[in-house]
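Worksheet: one structure, shown below.
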Number of protein chains: 2
Amino acid sequence: MKDQTAQNSIARKSLHEELADILREMIIDCKLTPGERINEKQLTEQFGVSRTPLREALKVLSKEGLIQLNVNRGAIVVPVTLSDLQEVFPVLAALEGAAGELACEKISDRDIQSIRKAQAQMEQAYSARDLSTYFQYNQEIHGRILKAADNPTLASHHRSLYGRVQRARFLANLSDERWQSAMEEHNEILAALEARDGARLSVTLRRHLAGKLAALTLALHEAK
Amino acid sequence: MKDQTAQNSIARKSLHEELADILREMIIDCKLTPGERINEKQLTEQFGVSRTPLREALKVLSKEGLIQLNVNRGAIVVPVTLSDLQEVFPVLAALEGAAGELACEKISDRDIQSIRKAQAQMEQAYSARDLSTYFQYNQEIHGRILKAADNPTLASHHRSLYGRVQRARFLANLSDERWQSAMEEHNEILAALEARDGARLSVTLRRHLAGKLAALTLALHEAK
DNA sequence: AGTGTAAAAAATGAATTCATTATTTTAAAT
DNA sequence: ATTTAAAATAATGAATTCATTTTTTACACT
């Protein structure tokens, strides 16, 4: 049996939750472009629902920092700006650090083994310069660490921050140097995990995220 | 000029925001007791509003982890349990740690000075065993560090976790030993801050929160 | 052309209404 | 007396309606 929401198990979803899920994905995938205004009528027609559950979903997404509500002036998709990323990354890093520390206390050998595998496949993707596969395994590794931490609150806060950050992947592409550093950092992450050295994993993860932000900052400055 | 919401400046609030504010306070102050079911009709009558904005507010509070929505079965105030606290504290600690690190980079001498003052007054309260005054200054210190970190995202996530934790203050009272340790930790916090040693402040704050949780855990086990 | 104003249209905020699901009450049956 | 079934009540989920605010459009005036 799998868990559905981390919150409660069997629960079917209410309409506003489903809408929030759909909209969240649209925003993260930049189907709704950053800065764009959200038109309630248009969305209700698109989804065939009334405004009530849609507006409830918007409240949720606002809490997640994906949209911004302005009284009497509707909602806009939060723009992806460098300063926003600089705000989010340190928080995300803190959470991943905490996840690493908790994971080291709780993770099973079996789970370490599958992270090891994902890491190997990620390295293959790196060698082949297959960015999309790389991303996939990269995300799987971080996801598995988070899951091993076994803390729904942590996971939930992480998810909402990660959503905000993900949209930046369309903004700048990974430099070769950064990619290599990331790979090295990942080796250290795995090592710390295998040693079950929580403190070390924590600092490594935080450094990893800091490196990611630094690379992004650089890339965005250059792009401009 | 003061900031109102960290989000936007002049904005008057929408009804659902005001309701969320009121309800949040009621929950944190245990005016709505943990585990209690929320009756929409009763609350709408109490506040003189319709169900629509109330229900929007409930979505927000659910995101904050203060209430739990169950489809077709209404909402309950999330119970304060030890396991909930054990889930929240590590996350809160990570965020405070990050706040400490950021604060060290940005805090002004003037702000350090006012923390120093608050600390002195806290010590007085401690000597006088004046718990309520102690709490007040304790909260002020943590609040000032968070503010110095100057990161609205961090602040917002912190606030929502802190809300969940605050309700525990009615559950167990501070042991003398814990109180003393807390004072010592606070001295170290101040020292790290004065040295602008981010790494040190971060670990100290995290230890501080871990200590708080340990004490709570102990107290709750004894109480039972 | 550009600016300002008034009317019209559109969008949002919130109350109300309707439909469905839970819960409670009542009554019957063992 | 206790349990079960059915009916009544209450509560929730979502659509609709109404009120207000914002935005757009049209048009006069400089």
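Just so it is clear, the model here is predicted, and its values are computed rather than measured. Protein chains get the first letters and strands the later ones, always in sequence-line order, with residue 1 at the start of each.
- At least one side-chain nitrogen or oxygen of B:Asn39 sits closer than 4.0 Å to the OP1 or OP2 atom of D:dA11.
- Between A:Arg37 and B:Arg51, the residue whose closest nucleotide on DNA chain D is further toward the 5' end is B:Arg51.
- For B:Glu40, whose side chain is taken as the heavy atoms from C-beta onward, the closest listed nucleotide among C:dG13, D:dA15, D:dT12 is D:dT12.
- Rounded to whole Å, atom P of D:dA11 lies 16 Å from atom CG of B:Asn70.
- Residue A:Ser50 places no side-chain atom within donor-acceptor reach of the base of D:dA14, judged by atom type and a 3.5 Å distance cut-off alone.
- In the model, A:Ser114 has no side-chain atom that pairs as donor or acceptor with a side-chain atom of A:Arg110 under 3.5 Å.
- Under 3.5 Å, the side chains of B:Gln113 and B:Arg116 contain a donor-acceptor pair of N or O atoms.
- Among D:dA11, D:dG13, C:dA15, the nucleotide with an atom closest to any side-chain atom of B:Val49 is C:dA15.
- In the interface, the side chain of A:Arg73 is not paired with the base of C:dG13 through any donor and acceptor atom under 3.5 Å apart.
- Between the NZ atom of B:Lys41 and the P atom of C:dA15 there is a distance of 16 Å, given to the nearest Å.
- Look at CG on B:Asn72: it is 16 Å from P on C:dA19, rounded to the nearest Å.
- Look at CG on A:Leu69: it is 15 Å from C1' on C:dA14, rounded to the nearest Å.
- Ring centers of A:His157 and B:His158: at least 6.0 Å apart, outside the cut-off.
- A:Ile38 comes within 4.0 angstrom of the backbone, heavy atoms only, and of no base.
- Atom-to-atom, CG of B:Leu15 to C1' of C:dA15 comes out at 11 Å; the value is rounded to the nearest Å.
- Picking from D:dA15, C:dT21, D:dT21 the nucleotide with the shortest atom distance to the side chain of A:Arg12 gives C:dT21.
- Distance, B:Gln42 CD to D:dA10 C1': 14 Å, rounded to whole Å.
- Straight-line distance from the CD atom of A:Glu56 to the P atom of D:dG13: 8 Å, rounded to whole Å.
- In this structure, the CG atom of B:Leu54 is 15 Å from the P atom of D:dA14, given to the nearest Å.
- A:Thr33 has its side chain out of reach of A:Val77: every pair of non-hydrogen atoms, C-beta onward, lies at least 4.5 Å apart.
- A donor-acceptor contact closer than 3.5 angstrom links the side chains of A:Arg164 and B:Thr153.
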